[in-house]
Amino acid sequence: MINLLSAEFFKLRKSKAIYIGILVAAALALLLYGSLVMIDKINQGEVANGTAGVVVSPSGESMGADGAAKSMMEEIGVIGVLRQMFGGHFVGIIAAVLVSIFVIREFSAGTIKNLVGKGYSRSTIFFAKMIPTFTLMLVFEAAVAAVTICMGIPFMGWDLFSVTVWEDVAVYVGLQFLFGAVVAAIYLLVGELTRNLAAGISVSIGVLLFSTTLTAGLDLVFHGMAVKPSEYWVLDLMSTCPIADFPTEFIVRGVVVSLVWFLIAAVLGVLHFRKADVK
């Protein structure tokens, strides 16, 4: 097991995909901050509405008591941008690509077949792949969070940036790390089932984007029940996670639901890998 883990972490360190993923995520964060700056400039009349493709519709909710437009940068803040990055599935889509590449290339390169031929048990091989996959996901999420927070300084200015409630940021990011680890396990399961890079990426992104639509439909079907299916699906928890005043019930439910879905993904992955042919 130790030798397998060492080899997997070595491949993880040598992979350039994670660096590209972080650059893409940084570009998305830059776009989000830039959009907020443009919205504020439009509201203040400094630039014309529609500049750079940003169109702002007047709204009473966006006006202050003095009749002046509210600052979107001040309203949303750092944690709001983080919510767009994590809850808006930007991070999830990039992670789907990174995890799929890391997992599926082992099958296409024949590495898995060589490991099975050396006598390692399939359960050991699977878990030796799962642990670095979690590491990949958490390192990627940590890098994205750090880059997004640091970008807030030049865009928001130190006075506005310094009033950020860092306790809320810490709790929010911690919950997203928890949900992200489970999502990584789901991506790993998809990669093990498909064993094809294009299919693995497509199915993983499909699960990310469309499963929440399915649970929303199930909520309508079971609208008379006290329990909503969306409250027990990890991707819904990821997208609806609050950014302040975190209810204890949500945190407890998030931990329990994450543990259950992690066990489901791990057990299904091990069972299928033990039975399926390795080519």
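All residue numbers in this chain count up from 1 along the given sequence. Quick caveat, the model's predicted, so the values are computed rather than measured.
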Checklist entry - Should Gln84 and Ser35 be marked as a side-chain contact (heavy atoms from CB on, under 4.5 Å) after you check the CA-CA gap, both sets of side-chain angles, and the distance that decides it? => result CA-CA 12 Å; Gln84 290 298 316; Ser35 297; over 6 Å; no
Checklist entry - Where do Val207 and Tyr187 land on the side-chain contact (heavy atoms from CB on, under 4.5 Å) test, with the steps shown first? => result CA-CA 9 Å; Val207 170; Tyr187 290 161; 5.7 Å; no
Next on the checklist: Working note: Leu209 + Ile93, criterion side-chain contact (heavy atoms from CB on, under 4.5 Å); need CA distance, chi angles, decisive distance, verdict.
Outcome noted: CA-CA 9 Å; Leu209 296 179; Ile93 291 174; 4.2 Å; yes
Checklist entry - Does the side-chain contact (heavy atoms from CB on, under 4.5 Å) test come out yes or no for Phe155 and Leu30, once each step is laid out? => result CA-CA 9 Å; Phe155 279 99; Leu30 181 64; 3.3 Å; yes
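In this structure a side-chain-to-backbone donor-acceptor pair under 3.5 Å is present from Lys129 to Phe102. Not one N or O on the side chain of Ser100 forms a donor-acceptor pair closer than 3.5 Å with the backbone of Val97. Panel note: side chain Arg83, backbone Ile243; no donor-acceptor pair is recorded below 3.5 Å. Side-chain atoms of Trp261 do not come within 3.5 Å of backbone N or O of Val183 as any donor-acceptor pair. Between the side chain of Ser204 and the backbone N or O of Ile201 there is no donor-acceptor pair closer than 3.5 Å.
Taking 4.5 Å as the limit, some side-chain heavy atom of Met73 sits within range of a side-chain heavy atom of Val37. For the pair Ile79/Trp166, no side-chain contact is recorded, criterion being any heavy-atom separation below 4.5 Å from C-beta on. Proximity of Phe90 to Val24: side-chain heavy atoms (C-beta onward) are nowhere separated by under 4.5 Å. Within the 4.5 Å cutoff, side-chain heavy atoms of Asp168 are placed close to those of Phe246. In this structure, Phe86 and Tyr172 have side chains that are in contact, with non-hydrogen atoms separated by less than 4.5 Å. Between Phe250 and Leu175 there is a side-chain heavy-atom pair separated by less than 4.5 Å. Residues Val227 and Phe222 form no side-chain contact, since every pair of their non-hydrogen atoms from C-beta on lies 4.5 Å or further apart. No side-chain heavy atom of Val203 sits under 4.5 Å from any side-chain heavy atom of Leu193.
In terms of heavy atoms, Asp219 sits closest to Pro229 at OD1-CD, 2.8 Å. Between Leu98 and Ala17, the shortest heavy-atom distance links the atoms CD2-O, 3.2 Å. Nearest heavy atom pair, residue Ala181 against residue Met137, reads N-CG, 4.5 Å. In plain terms, the two heavy atoms of Arg105 and Lys11 that are nearest each other are NH2-O, 3.6 Å. Here the closest heavy-atom approach between residue Pro132 and residue Leu5 is recorded as CD-CD2, 4.1 Å. Closest of all the heavy-atom pairs between Leu208 and Gly92 is CD2-C, 3.4 Å.
With hydrophobic clusters built from ILVMFWY side chains whose heavy atoms lie under 4.5 angstrom apart, Val139 shares a cluster with Ile149. Side-chain heavy atoms closer than 4.5 Å link hydrophobic residues (I, L, V, M, F, W, Y) into clusters, and following such links, possibly through other members, connects Val260 to Leu189. Linking Ile, Leu, Val, Met, Phe, Trp and Tyr residues whenever their side-chain heavy atoms come within less than 4.5 Å leaves Leu136 and Leu23 in two separate clusters. By the rule that hydrophobic residues join a cluster once side-chain heavy atoms approach within less than 4.5 Å of another member, Val147 and Leu31 end up as members of separate clusters. No continuous path of hydrophobic side-chain contacts links Val165 to Met156 [ILVMFWY only; heavy atoms under 4.5 Å].
One distance of note links NE2 of His89 with CG of Leu235; it measures 6.5 Å at 0.5 Å rounding. Note that the CG atom of Leu32 and the CG atom of Leu82 stand 10.0 Å from one another [nearest 0.5 Å]. Once rounded to the nearest 0.5 Å, the distance linking CD1 of Ile20 with CD1 of Ile101 reads 8.0 Å. Between atom CG of residue Leu197 and atom OG of residue Ser202 there is a gap of 9.0 Å, rounded to the nearest 0.5 Å. Once rounded to the nearest 0.5 Å, the distance linking NZ of Lys228 with CG of Leu220 reads 9.5 Å. One distance of note links CZ of Phe161 with CD1 of Ile153; it measures 4.0 Å at 0.5 Å rounding.
With sequence neighbours excluded, the residues satisfying ring pair (Phe, Tyr, Trp, His ring centres under 6.0 Å) with Phe134 are Phe262. In this structure, the side chain to side chain contact (heavy atoms under 4.5 Å, CB included) partners of Val270, at least two apart in sequence or on a different chain, are Ser123, Phe126, Phe127, Arg274.
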